[in-house]
Amino acid sequence: MGALPTFDTAPFDGALAASVLDWWHDAGVDLLVEDDPRDWTAPEPVRAPLVMPGQAPAAALPVAAPATSLPDTLEAFLAWRLSDAAPEATWDGISLTATGPANAALMVLVDCPDRDDGDAGQILSGAPGRLFDRMLAAMGLSRETVHVTSVCARRPIAGRTPAGVETRLAEIALHHVGLVAPRGLLLLGNAASRAVLGTELTDARGHSHVIDHKSGKTNVVATFHPRFLIEKPMAKAESWKDLQRVMGDLRA
């Protein structure tokens with residue numbers, strides 16, 4: 001296959017390099033070249049959005065304004081997410097804020113912290129976090145270069161977002177996207193797909209979406225959460241296609 005894009009990241013050691021090679025192998029990448037030439041730098045053809053009968057097509061998905069005002073700077077917003085005013089403030093557990101640079105080209109959104117994330121002090125720790133790091137490394141990225149956050153600042157009971165607060169948390173997540181204004185947004189899992197795109201992951205996967213926000217537009221790709229890939233390793237090949245789509249969006 002063609003050469004991967006380069007990004008400004010710190011070099012990683014041999015162990016991490018071996019881990020990245022394992023990720024590519026699991027994803028079905030076992031050759032350095034293809035039988036036929038392929039231009040990996042060419043933009044992917046734009047798919048027409050699915051339009052129901054009687055529905056006018058739209059170039060991009062608009063981001064709805066929050067029901068009530070939210071802090072208009074990222075610093076103030078992240079502090080608010082950890083305050084008693086946040087919808088999850090009464091839930092059990094520890095609230096976790098976003099990590100990574102405020103001007104990151106790529107933002108990553110998951111559903112909620114895992115059980116061990118509170119003790120680790122960051123979203124995506126443990127085995128899912130290690131797989132996530134390998135996914136980033138396969139794209140030439142690292143946690144130091146991406147902005148990682150979750151729809152829920154705390155883990156809800158049974159790991160599922162309560163229906164009564166799902167809409168509000170989606171508004172908050174979309175506001176967060178507007179404050180970071182990344183070139184690309186990677187959604188990991190079904191809850192993240194519903195929050196940003198308003199659709200299930202099975203329908204969202206397979207092509208790039210575009211959302212409008214107050215700072216411009218962002219390309220969005222949805223794929224499987226690392227915890228799902230641990231349970232279903234055969235899905236890594238499909239996930240790798242999604243990650244390649246993200247790489248293409250960042251190059252555009």
Side-chain angles (χ1 to χ4, degrees), residues 16 19-30 88 91 93 96 98-100 106-120 122-139 141-143 146-163 165-166 169-170 173 176-177 182 184-209 211 219-249:
L16 182 54
S19 177
V20 173
L21 290 175
D22 288 341
W23 162 262
W24 286 335
H25 182 272
D26 290 341
V29 180
D30 55 7
E88 314 93 321
W91 300 2
L96 293 177
T99 59
L106 178 65
M107 181 173 177
V108 179
L109 181 69
V110 301
D111 51 358
C112 63
D114 285 331
R115 287 185 179 88
D116 297 333
D117 288 353
D119 292 336
Q122 70 173 8
I123 300 166
L124 288 169
S125 65
R130 290 190 292 273
L131 179 55
F132 174 64
D133 290 339
R134 289 168 58 190
M135 294 165 69
L136 289 179
M139 292 190 288
L141 300 169
S142 69
R143 287 191 193 242
V146 300
H147 191 86
V148 182
T149 189
S150 57
V151 176
C152 303
R154 293 189 184 184
R155 181 176 176 81
I157 297 177
R160 297 182 63 86
T161 307
V165 75
E166 191 171 22
L169 289 173
H176 193 165
V177 175
L185 172 63
L186 177 60
L187 308 176
L188 298 180
N190 200 45
S193 176
R194 287 200 309 269
V196 173
L197 300 176
T199 188
E200 303 296 315
L201 178 63
T202 52
D203 297 323
R205 282 196 61 253
H207 59 281
S208 294
H209 308 261
I211 59 171
N219 293 310
V220 184
V221 172
T223 194
F224 306 108
H225 194 287
R227 75 171 77 94
F228 177 86
L229 295 176
I230 292 174
E231 296 174 358
K232 306 288 185 182
M234 292 299 293
K236 286 183 178 180
E238 291 301 311
S239 180
W240 174 238
K241 294 177 183 178
D242 297 329
L243 300 186
Q244 287 177 303
R245 190 167 288 109
V246 173
M247 292 156 60
D249 288 343

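The first residue of the sequence shown is numbered 1, and numbering continues consecutively from there. Hydrogens, waters and symmetry mates are skipped; everything else that's a heavy atom, side chains included, is used. Keep in mind that this is a model prediction, so the values were computed, not measured.
Within the 4.5 Å cutoff, side-chain heavy atoms of Leu169 are placed close to those of Cys152. Looking at Val148 and Phe132, their side chains come closer than 4.5 Å, going by heavy atoms from C-beta outward. Contact annotation: the side chain of Pro128 never approaches that of Leu131 to less than 4.5 Å [non-hydrogen atoms, C-beta and beyond]. Taking 4.5 Å as the limit, every side-chain heavy atom of Asp133 sits out of range of all side-chain heavy atoms of Ser142. Side-chain contact between His176 and Met107 is present, with at least one heavy-atom pair separated by less than 4.5 Å. Using a 4.5 Å cut-off on side-chain heavy atoms (C-beta onward), Thr223 and Leu186 make contact. The closest side-chain heavy-atom distance from Leu229 to Met135 is below 4.5 Å.
Note that CG of Leu106 is 11.0 Å distant from NE2 of His147, once rounded to the nearest 0.5 Å. Leu185 contributes atom CG, which lies 10.5 Å from atom NE2 of His209 (distance to the nearest 0.5 angstrom). Here the CG-CG distance, from Leu188 to Leu124, works out to 7.0 Å after rounding to the nearest 0.5 Å. Note that CZ of Arg245 is 6.0 Å distant from OG of Ser208, once rounded to the nearest 0.5 Å. Annotation: the span from Lys241 atom NZ to His207 atom NE2 amounts to 15.0 Å, rounded to 0.5 Å. Atom CZ in Phe224 sits 11.0 Å away from atom NZ in Lys232 (nearest 0.5 Å).
The nearest pair of heavy atoms linking Ala191 to Val151 is O-CG2, 4.4 Å. Pro113 approaches Leu96 most closely through the heavy-atom pair CB-CD1, 3.9 Å. The two residues Ser193 and Ala204 have their closest heavy-atom pair at OG-CB, 3.3 Å.
Annotation: Asp116, atom CG; neighbour count of heavy atoms from other residues, nucleotides and ligands within 6.0 Å does not exceed 12.
Under a 4.0 Å N-O distance rule, the pair Asp111/Arg155 does not qualify as a salt bridge. A salt bridge links Glu166 with Arg194: the distance from a Lys NZ or Arg NE/NH1/NH2 to an Asp or Glu carboxylate oxygen falls below 4.0 Å.
Between the side chains of Gln122 and Asp117, no donor N or O sits under 3.5 Å from an acceptor N or O.
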Run Ile211 and Val196 through side-chain contact (heavy atoms from CB on, under 4.5 Å) and show every step you take.
CA-CA 8 Å; Ile211 59 171; Val196 173; 4.1 Å; yes

Start with the C-alpha distance between Ser239 and Phe228, add both sets of side-chain angles, then the distance that settles side-chain contact (heavy atoms from CB on, under 4.5 Å), and finish with yes or no.
CA-CA 11 Å; Ser239 180; Phe228 177 86; over 6 Å; no

Give the intermediate values and the outcome of side-chain contact (heavy atoms from CB on, under 4.5 Å) for residues Thr149 and Val108.
CA-CA 6 Å; Thr149 189; Val108 179; over 6 Å; no

